[in-house]
Amino acid sequence: MVRNFEILTKNEIIQARAQLKSWFISNQRPLPWRDSPDPYATWLCEIIMQQTRIDQGTRYWQSFIAKWPSFESLATADSEEIMKTWQGLGYYSRARNLHKAAKIVANDWRGDLPTSAKSWQQLPGVGPYTSAAIASICFGDPSAAIDGNALRVLSRWAGIHEPIDKPTGRKPIEKLAGEFLDISDPGMHNQAVMELGALLCTPKAPNCEHCPLNENCKSRVEMVGQTPIAPVKAGKIKVRRVALTFHVIVNENKVLMRQRPSQGIWGGLWEFPSCWIDSESDDLEKNQLPPLNNRQGLHETGPIVEPFEHILSHRKLKVTFQSWRSNAAFHEKDMKWFRWEDARKLPIPRAIEKNWEELENSMPKQQFS
DNA sequence: AAAACGTGGTG
DNA sequence: TCACCAAGTTT
């Protein structure tokens, strides 16, 4: 049964709105993009911060702003350099969509930026949350931006115990978010809700004592350190274990790299030709990607770095590096030979990047170079 | 509607 | 070691 909530009265909502605003004005963090929020900086920030911690994403935002300060400069940037700058942030489709979106803004919109959330959502990588954030912060569009923080804050405040990742829980939260929104300053209000979630209404052990919404919060905990029931989630992701072998194939002073397809894990990044064996799959053969069709001319020179675990959102990888000496320079699809110093400049997964020094040093200097 | 998509931090 | 989470979107 879907709970309807006149749990919070109109007056309670109005009062809470003012208290939240007051709290935000005196307690917000001095984040760099709040200095002068233009649409480009804000859009860039919102894309980077999707599913990302502020302290991790901030470095990337600063790098992008420094290299490409406008939609126009980003639109004409080299896509490989964009991927390299994004390297280590994860969810790499965001980086490809970033470039696509910049081109649309620069070439199609011609600097004539729309002001509504609905319009911004036309850009690839800009969904319901991001479009509302941009439109409200930059143009005062009255759209509620509902991110993970907002879901947590609002579900707790109203005591919604339906799963927030299903319509039964999501819909009442959206309704409440719309009623709660401060139409006199939607941008500030949206940021205030998120800031509250980030600073006080934290996932674990929220600081209810100092919360501006604590008077009528249905999830207020009495004891410090307690965690409310809300938000409830239904979804559970299953993580599969995979044995991943990177084949480090060298020919004279060069190493063979492969560009991964744009879809799927590490889409668009470069790697050492890899072999994936899903231990939970019935069909091992089908899940093995032979790194090379023709292995003639390859001479195995053994494992190089200690095998280690690398966690993705849906995979638990056991990563091994296998080295080979090659007599012939293969030319296979999506593969290319690079000098080590050039290969290092390619956008590569963290699982490889973290071990690069050790990998390069473990390969003996070639006598042919 | 549900699954896929990275990485790093935390308890 | 594990589970959960972080300014979600795409298919």
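What you are looking at is a predicted structure, and each value in this text was computed from that prediction instead of being measured. So you know, we letter chains A, B, ... as the sequences are listed, proteins then strands, and number each from 1.
Side-chain contact of Asn190(A) with Ser136(A): a donor-acceptor pair under 3.5 Å is present, judged by distance alone. For the residue pair Asp182(A) and Ser184(A), a side-chain donor N or O sits within less than 3.5 Å of a side-chain acceptor on the partner.
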Steps toward side chain to side chain contact (heavy atoms under 4.5 Å, CB included) verdict (Ile25(A), Trp23(A)): CA-CA 6 Å; Ile25(A) 288 172; Trp23(A) 171 85; over 6 Å; no
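Among the atoms of the strands shown, none is found under 4.0 Å from any heavy atom of Leu317(A). Arg34(A) comes within contact range of at least one nucleobase, with a heavy-atom separation under 4.0 Å. Trp33(A) comes within 4.0 angstrom of a base, heavy atoms only.
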Reading 5' to 3' through nucleotides 3-11 of chain B, protein heavy-atom contacts under 4.0 Å coded B for base, S for sugar-phosphate only, - for none: -BBBBB---
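With both ends at atom C1', the span from dG6(B) to dC4(C) equals 15 Å, rounded to whole Å. Comparing the same atom, C1', in dT9(C) and in dA1(B) gives a spacing of 15 Å after rounding to whole Å. To the nearest whole angstrom, the two C1' atoms, one in dA7(C) and one in dA3(B), are 22 Å apart.
Although no hydrogens or angles enter the test, the distance criterion places a donor-acceptor pair under 3.5 Å between the side chain of Arg96(A) and the main chain of Gly267(A).
Under the side-chain hydrogen bond (donor to acceptor under 3.5 Å, both in side chains) criterion, the residue pairs touching residues 30-39 of chain A are Gln28(A)-Arg34(A), Arg34(A)-Gln191(A), Arg34(A)-Glu195(A), with sequence neighbours excluded. Among pairs with a residue in residues 66-81 of chain A, none fulfils salt bridge (charged side-chain N to carboxylate O under 4.0 Å, His left out), at least two apart in sequence or across chains.
Here Glu271(A) pairs with Arg258(A), Arg260(A), Ser274(A) under the side-chain hydrogen bond (donor to acceptor under 3.5 Å, both in side chains) rule; sequence neighbours left out. Shown here are the side-chain hydrogen bond (donor to acceptor under 3.5 Å, both in side chains) partners of Gln263(A), two or more places apart in sequence or in another chain: there are none.
Nearer the 5' end of DNA chain C, as judged by each residue's closest nucleotide, is the contact made by Glu46(A), out of Glu46(A) and Val126(A). Place Pro231(A) and Gln121(A) on DNA chain C by their nearest nucleotides, and Pro231(A) ends up nearer the 5' end.
Taking the 5' to 3' direction, DNA chain C first and last meets chain A under 4.0 angstrom from a heavy atom at dC2(C) to dT10(C).
Classification of the Phe338(A)-Trp270(A) ring pair by plane angle, with boundaries at 30° and 60°, yields perpendicular.
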